[in-house]
**Q** 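Take a look at the following structure, please.
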Amino acid sequence: MLTAEQQEKVRGWFAGRIPQGLFDGPPEVTVDREEITVIGRIPEPAVDEKASAAERAAAVEGRIQEFRERTRDERIGVAQEAEHRFRKKVSWGVRCGDEKALFTHVSAPVMTRLRQPERQVLDTLVAGGVARSRSEALAWCVRLVQRHADDWLTELQDSLETVRRVRAQGPDAAG
């Protein structure tokens, strides 16, 4: 896991490097061991106030696709610089209204050992059609936990950062 300072440096670099006007405001930059994900807000398309939900959704989908195609070269240039600098793949996405769309992004394999009761949970999700494989079922479980435990996970990440700071002040600290 990266330190808060390392994450701040990555976020700061992207804030300074992304072409001005590419997004409405600063992007969200998320960093893990394999990937940097940059998600920026883009303006919603203008639609008639009487437009149906389907029409609005189609307009947002069209706006996202237009942005993706129009900005491809700019984003690739920034990503290449960042990948060289930070030694991580860069993925892009946007928020348009309430919709969030990720473009290409890393799907990293994660090795795990599960006991039979845990495997049975995954197999039940596969049998029930929730997922096509154990891998997909495990990803579904992680997303479910993430959705319901955001506050707890944030508090845990903050605690880990405090532990890192305390360790850095210990007797083995350079100084």
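Quick caveat, the model's predicted, so the values are computed rather than measured.
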**Q** Does D98 have more than 12 heavy atoms from other residues, nucleotides or ligands lying within 6.0 Å of its CG?
**A** no
**Q** Atom CZ in R56, atom CD in E61: separation rounded to 0.5 Å?
**A** 16.0 Å
**Q** Could you tell me whether a side-chain N or O of R68 sits under 3.5 Å from a main-chain N or O of G93, the two making a donor and an acceptor?
**A** no
**Q** Does a side chain donor of either E69 or Q65 reach within less than 3.5 Å of an acceptor in the other side chain?
**A** yes
**Q** If you define the side chain from C-beta out and look only at heavy atoms, does anything of C141 sit under 4.5 Å from L122?
**A** yes
**Q** Which residues pass the ring pair (Phe, Tyr, Trp, His ring centres under 6.0 Å) test with F67, not counting sequence neighbours?
**A** F23
**Q** Kindly work out whether a path of hydrophobic side-chain contacts (I/L/V/M/F/W/Y, heavy atoms less than 4.5 Å apart) joins F86 to V31.
**A** yes
**Q** Show the nearest heavy-atom pair for residues D24 and I42, with the distance to one decimal.
**A** OD2-C, 3.9 Å
**Q** Please tabulate, for the side chains in residues 103-118, all donor-acceptor contacts under 3.5 angstrom to protein atoms that are two or more places apart in sequence or on a different chain.
**A**
{"from": "H105", "atom 1": "ND1", "to": "F103", "atom 2": "O", "distance (Å)": "2.8"}
{"from": "E118", "atom 1": "OE1", "to": "R115", "atom 2": "N", "distance (Å)": "2.6"}

**Q** Any chance you could measure T162, atom OG1, to R165, atom CZ, to the nearest 0.5 Å?
**A** 4.5 Å
**Q** Enumerate, atom names and distances included, each donor-acceptor pair closer than 3.5 Å involving a side-chain atom of residues 124-134, sequence neighbours excluded.
**A**
{"from": "T124", "atom 1": "OG1", "to": "Q120", "atom 2": "O", "distance (Å)": "2.8"}
{"from": "R132", "atom 1": "NE", "to": "E136", "atom 2": "OE1", "distance (Å)": "3.1"}
{"from": "R132", "atom 1": "NH2", "to": "E136", "atom 2": "OE1", "distance (Å)": "2.9"}
{"from": "S133", "atom 1": "OG", "to": "S135", "atom 2": "N", "distance (Å)": "3.4"}
{"from": "S133", "atom 1": "OG", "to": "E136", "atom 2": "N", "distance (Å)": "3.1"}
{"from": "R134", "atom 1": "NE", "to": "D123", "atom 2": "OD1", "distance (Å)": "2.7"}
{"from": "R134", "atom 1": "NH2", "to": "D123", "atom 2": "OD1", "distance (Å)": "3.4"}
{"from": "R134", "atom 1": "NH2", "to": "D123", "atom 2": "OD2", "distance (Å)": "2.9"}

**Q** Rounded to the nearest 0.5 Å, how far does CD of E99 lie from CZ of R63?
**A** 14.0 Å
**Q** Output the distance between atom OG (S159) and atom CZ (R164), rounded to the nearest 0.5 Å.
**A** 11.0 Å
**Q** Could you state the interatomic distance from CG (D32) to CD (Q7), rounded to the nearest 0.5 Å?
**A** 9.0 Å
**Q** Counting only heavy atoms not in E155 (residues, nucleotides, ligands), do more than 12 fall under 6.0 Å from its CD?
**A** no
**Q** If you draw a 6.0 Å radius around NZ in K88, do more than 12 non-hydrogen atoms from other residues or ligands fall strictly inside?
**A** yes
**Q** Would a single hydrophobic cluster contain both W13 and V90, if residues Ile, Leu, Val, Met, Phe, Trp and Tyr are joined by side-chain heavy-atom contacts under 4.5 Å?
**A** yes
**Q** Shared ILVMFWY cluster between F14 and L22, side chains joined below 4.5 angstrom?
**A** yes
**Q** Do side-chain atoms of R41 reach the backbone of G97 as a donor and acceptor pair under 3.5 angstrom?
**A** yes
**Q** What are the two closest heavy atoms between V60 and P45, and how far apart are they?
**A** N-CG, 3.8 Å
**Q** Heavy-atom count check: over 12 atoms from other residues, nucleotides or ligands less than 6.0 Å from E5 CD?
**A** no
**Q** To the closest 0.5 Å, what do you measure between CZ (R95) and CD (E44)?
**A** 12.5 Å
